[in-house]
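Notes follow once the structure below has been shown.
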Amino acid sequence: MNRTVDFRCLDPRLGRDFPLPDYATAQAAGMDLRAMVEQPIELAPGEARLVPTGLAIHIGDPGLCATILPRSGLGHKQGLVLGNLVGLIDADYQGPLMVSLWNRGGATIRIAPGDRVAQLVFLPVARVVLRQVDEFEQSARGEGGFGHTGVR
Ligand SMILES: O=c1ccn([C@H]2C[C@H](O)[C@@H](COP(=O)(O)OP(=O)(O)OP(=O)(O)O)O2)c(=O)[nH]1
Ligand SMILES: [Mg+2]
């Protein structure tokens with residue numbers, strides 16, 4: 001059973017000229033977000049631009065968050081990724097959902113109004129209480145990290 005999350009449509013073109021976000025297949029994890037810019041925009045190589053999605057969501061459950069992720073086709077082929085690498089949407093955020101579009105590639109990227117430029121993925125969240133201690137109970141790994149188990 002899918003959870004219900006409230007959203008507001010902030011752009012009249014969404015739901016009229018362009019479909020509202022939805023899962024493209026029965027088991028898709030992400031729903032695509034559109035660049036609801038007024039006019040086509042061009043992103044020069046290296047340029048980042050904050051773009052509205054025309055949506056606001058209110059998750060309202062501390063056990064849930066949303067992430068904004070790149071679309072793999074655009075990210076790999078064109079170099080259109082996110083200026084913040086991953087966007088994290090807090091459960092109490094009620095403002096407009098924005099996407100930081102970053103052209104990490106070598107050619108100018110043109111984005112038209114309504115283009116699907118990123119995807120929204122909801123994830124469970126564990127919130128914890130941090131308890132300060134002087135020493136940890138010894139684990140098998142200890143302080144080993146950053147490749148200490150080798151490559152092969
Ligand atoms: O790609 C993103 C990332 C964040 N947000 C919104 C939702 C999120 O809940 C809020 C704050 O994000 P974050 O905590 O990552 O940014 P911050 O720089 O720490 O801002 P703040 O001081 O408001 O927490 O901004 C977006 O709309 N798009
Ligand atoms: Mg923050």
Side-chain angles (χ1 to χ4, degrees), residues 1-134 136 141 143 145-147:
M1 241 304 259
N2 288 354
R3 304 273 289 271
T4 298
V5 169
D6 291 343
F7 80 97
R8 292 175 58 215
C9 184
L10 307 177
D11 189 311
R13 295 171 296 174
L14 265 184
R16 185 190 68 196
D17 306 338
F18 306 106
L20 288 164
D22 199 1
Y23 296 109
T25 63
Q27 296 191 356
M31 41 179 96
D32 287 345
L33 295 172
R34 296 175 186 277
M36 297 311 294
V37 286
E38 291 301 325
Q39 303 292 333
I41 57 170
E42 289 195 342
L43 280 182
E47 190 180 349
R49 178 94 71 99
L50 202 57
V51 163
T53 64
L55 291 169
I57 61 171
H58 180 213
I59 299 172
D61 173 352
L64 204 58
C65 73
T67 53
I68 299 177
L69 303 177
R71 293 183 68 201
S72 44
L74 292 175
H76 177 67
K77 293 176 194 159
Q78 293 196 44
L80 183 64
V81 293
L82 304 177
N84 47 355
L85 304 187
V86 173
L88 176 63
I89 314 303
D90 298 285
D92 52 359
Y93 181 70
Q94 298 182 318
L97 272 192
M98 305 294 290
V99 178
S100 171
L101 290 178
W102 172 34
N103 180 359
R104 63 153 187 82
T108 295
I109 298 174
R110 190 172 188 275
I111 294 157
D115 280 359
R116 291 179 287 131
V117 290
Q119 55 187 328
L120 187 65
V121 176
F122 290 87
L123 294 173
V125 170
R127 283 169 53 91
V128 306
V129 174
L130 288 177
R131 177 185 57 169
Q132 187 173 3
V133 297
D134 291 327
F136 294 125
R141 172 181 284 274
E143 295 189 3
F146 299 91

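Counting starts at 1 for both ligands and their atoms, following the listed order. Being a predicted model, the structure only gives us computed values, none of them experimental.
Salt bridge status for Arg3 with Asp61: present, with a side-chain N to carboxylate O gap under 4.0 Å.
Between Asp115 and Arg110 the shortest heavy-atom distance is OD2-O, 4.4 Å. The heavy-atom pair separating His76 from Arg104 by the smallest distance is O-NH2, 3.9 Å.
Sparse packing is recorded around CZ of Arg127, with 12 or fewer heavy atoms of other residues, nucleotides or ligands lying under 6.0 Å away.
Pairs of residues two or more places apart, or lying in two chains, never qualify as side-chain hydrogen bond (donor to acceptor under 3.5 Å, both in side chains) while including a residue from residues 35-50.
Near ligand 1, Ile68, Asn84, Gly87, Leu88, Ile89, Asp90, Tyr93, Pro96, Leu97, Met98 each place a heavy atom less than 4.0 angstrom from the ligand.
None of Leu120, Leu97, Asp32 except one satisfies the side chain to side chain contact (heavy atoms under 4.5 Å, CB included) rule with Thr53; the exception is Leu97.
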